[in-house]
Structures are given as structure tokens and as C-alpha cells.
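All figures in this text were calculated on a predicted structure; none of them were measured in a lab. Every chain is numbered from 1 and lettered A, B, ... according to where its sequence line falls, protein lines coming before strand lines.
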There are 2 protein chains.
Amino acid sequence: MFKGQFIHSIDNKGRVSIPAKLRKYIAPEANNSFVMTQGIDACIDIYPRDQWLTIEEKLLKLNTFIQKESRFLRLMLQNAHEDEMDAQSRIVIPQNLLDYAQIENEVLILGALKKIEIWSPRVYNAYISSSQETFEQIASEVMSL
Amino acid sequence: MFKGQFIHSIDNKGRVSIPAKLRKYIAPEANNSFVMTQGIDACIDIYPRDQWLTIEEKLLKLNTFIQKESRFLRLMLQNAHEDEMDAQSRIVIPQNLLDYAQIENEVLILGALKKIEIWSPRVYNAYISSSQETFEQIASEVMSL
DNA sequence: CCACTTTTCCCCACTACACCCCAAAATAAT
DNA sequence: ATTATTTTGGGGTGTAGTGGGGAAAAGTGG
């Protein structure tokens with residue numbers, strides 16, 4: 001499962017290399033293919049193909065004849081993009097996702113168990129320091145279930 | 001399954017090319033044939049033939065001796081149109097559907113799992129920004145089920 | 001039933017960008 | 001210090017997207 005954070009550069013073609021430490025955890029079933037979508041909060045979610053398929057199964061259960069469910073599906077898929085790693089273990093992130101995450105020339109790559117998140121370092125720092133609650137408070141709330 | 005958005009042009013013959021990224025997901029059983037109908041909200045739904053058949057099965061279960069169901073069937077089928085891709089992977093969209101979706105010379109093509117949606121870029125942006133709810137709110141509502 | 005007009009379909013051709021390959025720099029390991 | 005691996009950068013080529021012309025077919029009216 002993915003974990004840890006890494007700072008990498010992103011070149012002018014939108015390419016980001018997947019850290020070797022994270023690559024180890026990619027299942028062979030993913031076929032070096034990834035699906036990226038806009039994430040919760042200003043980041044990009046990157047799912048190895050096999051993990052994405054479990055998300056897709058949930059989405060397939062939505063009833064697209066209901067306006068609200070249709071809207072969610074559009075929001076979720078409008079910036080979705082599939083790509084394979086090149087021989088140098090890089091993927092290309094399209095411009096609309098970079099805009100969404102306010103990314104310029106550096107990215108913060110965050111391992112998040114089943115998926116990888118891509119942040120603008122600046123935005124991520126702001127996000128972390130934005131909450132009033134301490135780590136201990138949130139921990140006790142979320143983990144006591 | 002279809003995903004992602006693409007801006008393509010529509011020429012004065014009503015032709016739109018299906019993005020190569022979406023073409024990959026069309027089942028061979030579809031025989032390069034598509035059925036287009038008016039969609040939920042101001043867009044055009046494009047189903048590969050094999051996917052359309054599952055919709056058709058549902059429609060066949062409607063009781064046309066009930067006025068409301070009969071009306072729905074008429075609304076659904078009045079602008080339905082079947083067409084095959086040409087050698088350049090384009091389909092022709094009839095004028096009445098273009099009018100319905102308020103399309104002029106550019107289209108936004110949206111992959112939506114089983115189907116492809118065609119929007120006027122202007123109309124789509126208005127649609128997306130029309131809701132008060134954020135992506136995060138809708139996501140937590142719809143996906144927590 | 002025939003002639004004419006209009007639309008549809010198919011083919012060819014151009015342009016641009018995305019992809020793939022090669023290569024260098026930087027970091028880590030031996 | 002040397003080797004191996006990881007990260008970063010750039011250049012050529014194939015294919016995707018677009019536009020237009022001409023043949024075939026369909027529709028319209030005399």
C-alpha cells in the first residue's frame with residue numbers, strides 16, 4: 001500500500017515520474033496503467049488500473065436517469081484520464097488536472113494506501129495548516145469508530 | 001468504460017470525430033454503430049449499439065397503455081438516430097439533436113462510462129457552475145450509500 | 001415516368017500534437 | 001571511487017483531428 005511523501009519536478013510536457021518507493025506496491029494486474037481524477041480537496045488522485053476498477057464498479061451502480069447522480073458522474077469523470085507509464089516510469093498529467101490542483105513546476109506526491117495523490121507543495125502546506133483541530137483531536141474522533 | 005472530456009469541432013456537415021481515447025473502449029459487438037438520443041439535461045447521449053440494446057430492453061418493459069409511460073417512450077425515441085462511424089471515425093449528428101443541445105461549431109465530448117455525451121461547451125460550463133453544492137459535498141452524499 | 005435538385009456518403013490530403021526513443025544528470029549503493 | 005538505479009530533459013515520427021471535393025443516392029416537382 002502506498003505511503004510517504006516525495007517532491008518531484010514536473011516538466012513542460014506535464015510528465016511526472018512515479019517514485020521508485022511507490023512503484024514497488026503497484027500490482028502487476030495494473031499493467032503499468034493509471035487512472036487520474038480530480039480528488040477530494042485540491043489534489044489529483046492517481047489509481048493503479050486495478051484499484052480504479054473497484055471505483056468504477058461503484059459508479060456503474062448509479063442511475064443516470066436521476067439528475068443528481070448524473071451530475072456526480074459528470075464531475076467525477078470530466079477530468080478523468082488514463083495513461084501508462086513510459087519506459088522511465090513517468091505519466092503525463094493533462095493540463096486541466098494541473099489547473100485544478102494549481103500545480104506549476106513542482107509536485108508533492110503523497111502515498112495514500114490504494115491511491116497516490118499529487119499536490120502543489122504550496123497548496124498542501126496551506127491545507128495542512130488550515131484546520132483548527134489538532135492531529136490528536138481528529139485521531140480520537142475518526143479512529144474511535 | 002468511457003471517461004474524460006474532449007473539445008472537438010463539428011463541421012458544417014454535422015460531423016464529429018470520436019476521440020481515439022474513447023474509441024479504445026468501444027466493444028467490437030457494437031459494429032462501429034451508435035444510437036444517439038436526447039440526454040438528461042441539455043446534451044446528446046451516444047450509445048454504442050451493444051449498450052443501446054440494454055436500454056432498449058428496459059424500454060420494452062414499459063406499458064404503453066399507460067399514458068405517462070407512453071409519453072416517455074415518445075420523448076425518448078422522437079429524436080433517436082442510428083449511425084455508423086465513417087473511415088475517419090466520425091459520426092453525423094442530425095440537426096434536431098444539435099438544436100436540442102444548442103450546439104454550434106464546437107462540441108464538448110464527455111465520456112460517461114457506458115455512453116458518450118455531447119455538449120455545447122458554453123452550456124456545459126453553465127450547467128457545472130449552476131449548482132451550489134461543491135464536488136466534495138455531492139461526492140460524500142452520493143458515494144456514502 | 002423522367003429530369004432536376006439536394007443531401008448523403010466516401011475518399012483523399014493537410015496539419016499539428018502526442019507518443020516513443022535516446023541520452024544526460026543526479027542520487028543512491030557497493 | 002565506481003557502478004547501478006533513479007530522475008529529468010529534449011528531438012524525431014506516426015497518428016489523430018479536420019476540411020473539402022466528387023460520386024452516388026434520395027427526395028421533389030413537372
For this session: Please name all residues satisfying side chain to side chain donor-acceptor pair (under 3.5 Å) with Thr37(A), sequence neighbours left out, ordered by chain then number.
Result: none

For this session: Take the C1' atoms of the five end pairs on each side of the helix from dC1(C)-dG30(D) to dT30(C)-dA1(D), derive the two axes, and give their angle rounded to 10 degrees.
Result: 30°

For this session: Using chain A heavy atoms and a threshold of under 4.0 Å, write down where along DNA chain D the contacts begin and end, 5' to 3'.
Result: dT6(D) to dG11(D)

Exercise. Can you pull the side chain to side chain donor-acceptor pair (under 3.5 Å) pairs that have at least one residue in residues 99-112 of chain B, sequence neighbours excluded?
Worked result: Gln95(B)-Asp99(B)

Seminar exercise, completed: Here the salt bridge (Lys or Arg N to Asp or Glu O under 4.0 Å) pairs for residues 5-16 of chain B, sequence neighbours left out, are Asp11(B)-Arg15(B)

Seminar exercise, completed: Hits for side-chain contact (heavy atoms from CB on, under 4.5 Å) against Asp50(B), two or more places apart or cross-chain, chain-then-number order -> Ala27(B), Glu29(B), Ala30(B), Pro48(B)

Problem set entry | Worked verdict on Ile109(A) versus Ile116(A) for side-chain contact (heavy atoms from CB on, under 4.5 Å) | CA-CA 7 Å; Ile109(A) 303 172; Ile116(A) 296 169; 3.6 Å; yes

Exercise. For DNA chain C, which nucleotides open and close the run of contacts to chain B, 5' to 3', at under 4.0 angstrom from a non-hydrogen atom?
Worked result: dC9(C) to dC19(C)

Exercise. Who are the side chain to side chain donor-acceptor pair (under 3.5 Å) partners of Arg122(A), not counting sequence neighbours?
Worked result: none

Exercise. Of Leu22(A), Leu113(A), Ile18(A), which meets side chain to side chain contact (heavy atoms under 4.5 Å, CB included) against Phe2(A)?
Worked result: Leu22(A)

Seminar exercise, completed: From the list Arg71(A), Lys68(A), Arg74(A), salt bridge (Lys or Arg N to Asp or Glu O under 4.0 Å) with Asp41(B) holds only for Arg74(A)

Problem set entry | Nearest-nucleotide comparison on DNA chain D, the residue closer to the 5′ end among Asn12(A) and Lys13(B) | Asn12(A)

Exercise. Do the charged groups of Glu82(A) and Lys21(B) touch, with an N to O distance under 4.0 Å?
Worked result: no

For this session: Just jot down the side chain to side chain donor-acceptor pair (under 3.5 Å) partners of Asp83(B), sequence neighbours excluded, or say none.
Result: none

Exercise. Can Ile118(A) and Ile10(A) be said to form a side-chain contact (heavy atoms from CB on, under 4.5 Å), step by step?
Worked result: CA-CA 11 Å; Ile118(A) 307 281; Ile10(A) 177 167; over 6 Å; no

For this session: May I ask you to check whether over 12 heavy atoms, not counting those of Lys3(A), lie within 6.0 Å of atom NZ?
Result: yes

For this session: Just grab all the ring-ring contact (aromatic ring centres under 6.0 Å, His included) pairs involving residues 36-85 of chain A, residues at least two apart or on different chains.
Result: Tyr47(A)-Trp52(A)

Seminar exercise, completed: Residues of residues 14-38 of chain B with a heavy atom under 4.0 Å from any atom of DNA chain C, listed by number, are Arg15(B), Lys21(B)

Problem set entry | Among Arg90(B), Arg23(B), His8(B), the one residue meeting side chain to side chain donor-acceptor pair (under 3.5 Å) with Ser17(B) | His8(B)

Problem set entry | Glu69(A) (side chain) donor-acceptor with Asn63(A) (main chain) under 3.5 angstrom | yes

Problem set entry | Close approaches to DNA chain D from residues 80-112 of chain B, in residue order (heavy atom, under 4.0 Å) | Gln88(B), Arg90(B)

